[in-house]
2 protein chains.
Amino acid sequence: MDNNEGFELQDFLPYLLNQAAEESSLAFQKVYKDRYGMLRTEWRVLFHLGIYGRMTAKEIGRRSKMHKTKISRAVARLQDRRFLTRTRDESDRRLEYLDLTNQGEAAYHDLRKVATGYDARLSGDFSDEELYILRNALRKLARM
Amino acid sequence: MDNNEGFELQDFLPYLLNQAAEESSLAFQKVYKDRYGMLRTEWRVLFHLGIYGRMTAKEIGRRSKMHKTKISRAVARLQDRRFLTRTRDESDRRLEYLDLTNQGEAAYHDLRKVATGYDARLSGDFSDEELYILRNALRKLARM
DNA sequence: TGTTAATGGTTGATTTTGTAACTAACAAGA
DNA sequence: TCTTGTTAGTTACAAAATCAACCATTAACA
């Protein structure tokens, strides 16, 4: 006779989501870390620029919900390693536009290929209907 | 004409899962943090002991996949704050058994109630079928 | 035994994150 | 023009996570 009124930790959505997120990030993390020495914040910034093209740190923050200090540091590191460049907006000198360098583009293409393959592998465990419901539910939970 | 071969960041499962996990953890985090000054690692340890009863740090690690240093530090903090006690196994003095104190039990019951309510709220956005598929998919992704 | 390996757990150094306070630039209204 | 407020982005310091090295104890076995 337990004391837990049927509470199951592994059904609790915040916990379950965290476990799934962590486990499913591992293999991809290994690639961007080993291959390019990147952190999670860094591949995210890289992908934002790779996918959407030139944008400001602010805009990356709006889309990714990452905090601006994380982005600021990720941008600084990516710049140090010559993955991106910054350009001041001369008409509003608070802004700076970020662009991938050729090297950044190359890393993005490489990692995007890995991500695509990895996503396909993960998706392979589910039917189309399951995937549809899963992604929809996750988007709703993530409010995006 | 883009360059991204249809890659969508917000469909990439590791990214999407992380966003959903983070967003869905926020409100619960606020409670265990504000009410008990706990960290994520600490409520997890607390819940393991609350749900499964006396166990060792090792066993918590096996179930939660948290790294042993995280657990070691969480246990130390929970002990400092009188949420649990440690007892050496005299027949194998490497092991120590962890038990919640009354105060630990009380915090667990309180937080479990919050968690249950919060989970119900999150679940409220989905049909039974969607929830079934979602939890199942997450368990598979989390390999648990 | 005695030696070596494995196990449970802790510690210290380093890295990363979070929070707040801070520039610098622009905007709005008196 | 002179506040006062807002915005984009950085920095300093504290909190937390990571990683490797470390004890103490037990196991394996020559």
Is any side-chain heavy atom of Leu16(A) less than 4.5 Å from a side-chain heavy atom of Met144(B)? yes

Strictly below 4.0 Å, N to O, side chains only: are Arg54(B) and Asp99(B) in salt-bridge contact? yes

Is the centre of the Phe47(B) ring less than 6.0 Å from the centre of the Phe12(A) ring? no

Salt-bridge criterion met for Arg135(B) and Asp119(B) (N-O under 4.0 Å): yes

How close or far is atom C1' of dT16(C) from atom CZ of Arg44(A), stated in whole angstroms? 14 Å

For the pair made of CG in Leu98(A) and C1' in dA8(D), what is the distance, rounded to whole Å? 11 Å

Got Arg88(B) and Leu95(B) here, is their nearest side-chain heavy-atom distance under 4.5 Å? no

Interface residues of residues 52-69 of chain B with DNA chain D (non-hydrogen, below 4.0 angstrom): Thr69(B)

Those residues of residues 13-21 of chain A lying under 4.0 Å from DNA chain C by at least one heavy atom: none

Write down the distance between CG (Asp80(A)) and P (dT10(D)), rounded to a whole number of angstrom. 12 Å

Cation-pi geometry met for Arg86(A) and Tyr97(A) (6.0 Å, 45°): no

Would you say the ring centers of Trp43(A) and Phe28(A) fall short of 6.0 Å from each other? yes

What integer distance in Å separates Glu96(B):CD from dT10(C):C1'? 10 Å

Any Met38(A) side-chain heavy atom under 4.5 Å of Lys33(A) side chain: no

Taking salt bridge (Lys or Arg N to Asp or Glu O under 4.0 Å) as the cut-off, I'd like each qualifying pair that reaches into residues 37-53 of chain B, sequence neighbours left out, listed once. Glu42(B)-Arg77(B)

Protein and nucleotides 23-28 of chain C: nitrogen or oxygen contacts under 3.5 angstrom:
unit_1: dC26(C); atom_1: OP1; unit_2: Arg93(A); atom_2: N; d: 2.8

Measure NZ/Lys30(A) against P/dC19(D) and give the value in whole Å, please. 11 Å

Just to confirm, is there a sub-4.0 Å distance from OP1 or OP2 of dT17(C) to any side-chain nitrogen or oxygen of Arg40(B)? no

Check Asp11(A) with Arg139(B), please: is the shortest side-chain N to carboxylate O separation under 4.0 Å? yes

Within residues 70-77 of chain B, find the residues that approach DNA chain C with a heavy atom at under 4.0 Å, and present them sorted by residue number. Ser72(B), Arg73(B)

Show the distances under 3.5 angstrom between N or O atoms of the protein and N or O atoms of nucleotides 1-4 of chain D.
none

Which value, rounded to the nearest 0.5 Å, describes the distance between Met66(A) atom CE and Thr41(A) atom OG1? 6.5 Å

